[in-house]
Amino acid sequence: MYSAQIYVYPASLTPSGRLALEYCVFHLQSSSAPRDVRPSIHRCLIYLGDLSRYMAQAAPKTAAAAVPQQQQHHPAARPDWIKAAHYYRLAARVLPRSGNPHNQLAVMAVMTNDELRAVYHYARSLCVGIPFQTAKENLMLLFEQNRQRCVSISSY
């Protein structure tokens with residue numbers, strides 16, 4: 001028999017006096033919450049990260065210009081991408097066996113030309129219990145682009 005339980009965490013337990021998402025994720029990891037809630041929360045966090053990333057991509061380029069030049073290669077270089085990366089990392093904490101959050105972090109790394117970070121996240125998204133299959137194709141494409149750059153450099 002299935003019994004629906006709602007887990008409510010008192011706001012007074014959080015340092016700021018309000019219910020923080022990180023606080024809920026932390027307690028979700030260590031609580032006796034039913035396992036079937038975790039995929040739903042994981043999916044919501046992925047969607048929140050996607051929405052934050054899409055908003056950053058649609059934002060004017062002046063937002064990216066506000067970030068110092070030496071930090072622009074970082075996946076969270078755009079102000080709104082910090083929020084997206086945060087949601088993806090929370091999703092990875094809620095359901096560590098899912099490769100989806102790492103694939104999304106790799107996509108952000110590719111968009112900022114940080115290929116080494118992209119390789120790491122693509123590989124990590126494949127080496128988990130529920131691998132993200134598109135990551136394999138993206139990783140192979142990244143390696144092929146790198147191979148072509150090496151060939152063009154060696155032809156000089």
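- Using a 4.5 Å cut-off on side-chain heavy atoms (C-beta onward), His121 and Met108 make no contact.
- Applying the side-chain contact (heavy atoms from CB on, under 4.5 Å) criterion to Ser40, with sequence neighbours excluded, gives no partner residue.
- If you take CZ on Arg38 and OG on Ser98, they are separated by 13.5 Å, rounding to the nearest 0.5 Å.
- In this structure, the side-chain contact (heavy atoms from CB on, under 4.5 Å) partners of Gln145, at least two apart in sequence or on a different chain, are Leu141, Leu142, Arg149.
- With contacts defined as side-chain heavy-atom distances shorter than 4.5 Å, the pair Pro101/Arg93 does not qualify.
- In this structure, Thr112 and Arg117 have side chains that are not in contact, with every pair of non-hydrogen atoms separated by 4.5 Å or more.
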Can you list the steps and then say if Leu105 with Arg89 is a side chain to side chain contact (heavy atoms under 4.5 Å, CB included)? CA-CA 8 Å; Leu105 289 166; Arg89 283 193 293 273; 4.3 Å; yes

Hey, mind stepping through Tyr122 and Thr134 against side chain to side chain contact (heavy atoms under 4.5 Å, CB included) and telling me if it holds? CA-CA 9 Å; Tyr122 280 139; Thr134 310; over 6 Å; no

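- Nearest heavy atoms, Val94 versus His42: CG1-N, 4.1 Å.
- Two residues are said to be in side-chain contact when any heavy atoms from C-beta on lie closer than 4.5 Å; His102 and Leu126 fail this criterion.
- A single hydrophobic cluster is not seen to contain both Ile41 and Val128; linkage of ILVMFWY side chains at heavy-atom distances under 4.5 Å, directly or through other members, places them apart.
- Considering CZ of Arg124 and CG of Asn103, their distance stands at 13.5 Å, rounded to 0.5 Å.
- Residues Phe143 and Val110 fall within the same hydrophobic cluster, defined by Ile, Leu, Val, Met, Phe, Trp and Tyr side chains chained together at heavy-atom separations under 4.5 Å.
- The hydrophobic cluster containing Tyr87 also contains Val37, counting ILVMFWY residues as joined when their side-chain heavy atoms lie under 4.5 angstrom apart, directly or transitively.
- With 3.5 Å as the limit, one finds a donor-acceptor pair spanning the side chains of Tyr88 and Asp50.
- Expressed to the nearest 0.5 Å, how far OG of Ser52 lies from OH of Tyr47 amounts to 14.5 Å.
- When all heavy atoms are compared, the tightest approach of Ala118 to Ala106 is O-CB, 3.6 Å.
- Taken from CD1 in Ile46 to CG in Leu90, the straight-line distance is 10.0 Å, to the nearest 0.5 Å.
- Taking CG of Leu51 as the start and CZ of Arg53 as the end, the distance is 10.0 Å to the nearest 0.5 Å.
- Here the straight-line distance linking atom CD of Gln104 with atom CG of Asn100 works out to 5.0 Å at 0.5 Å rounding.
- Judged as a side-chain contact (heavy atoms from CB on, under 4.5 Å), and not counting sequence neighbours, the contacts of Glu144 are Arg147, Gln148.
- Cluster annotation: Phe132 is not connected to Leu139 through the hydrophobic network of ILVMFWY side chains, with a link wherever side-chain heavy atoms come within less than 4.5 Å.
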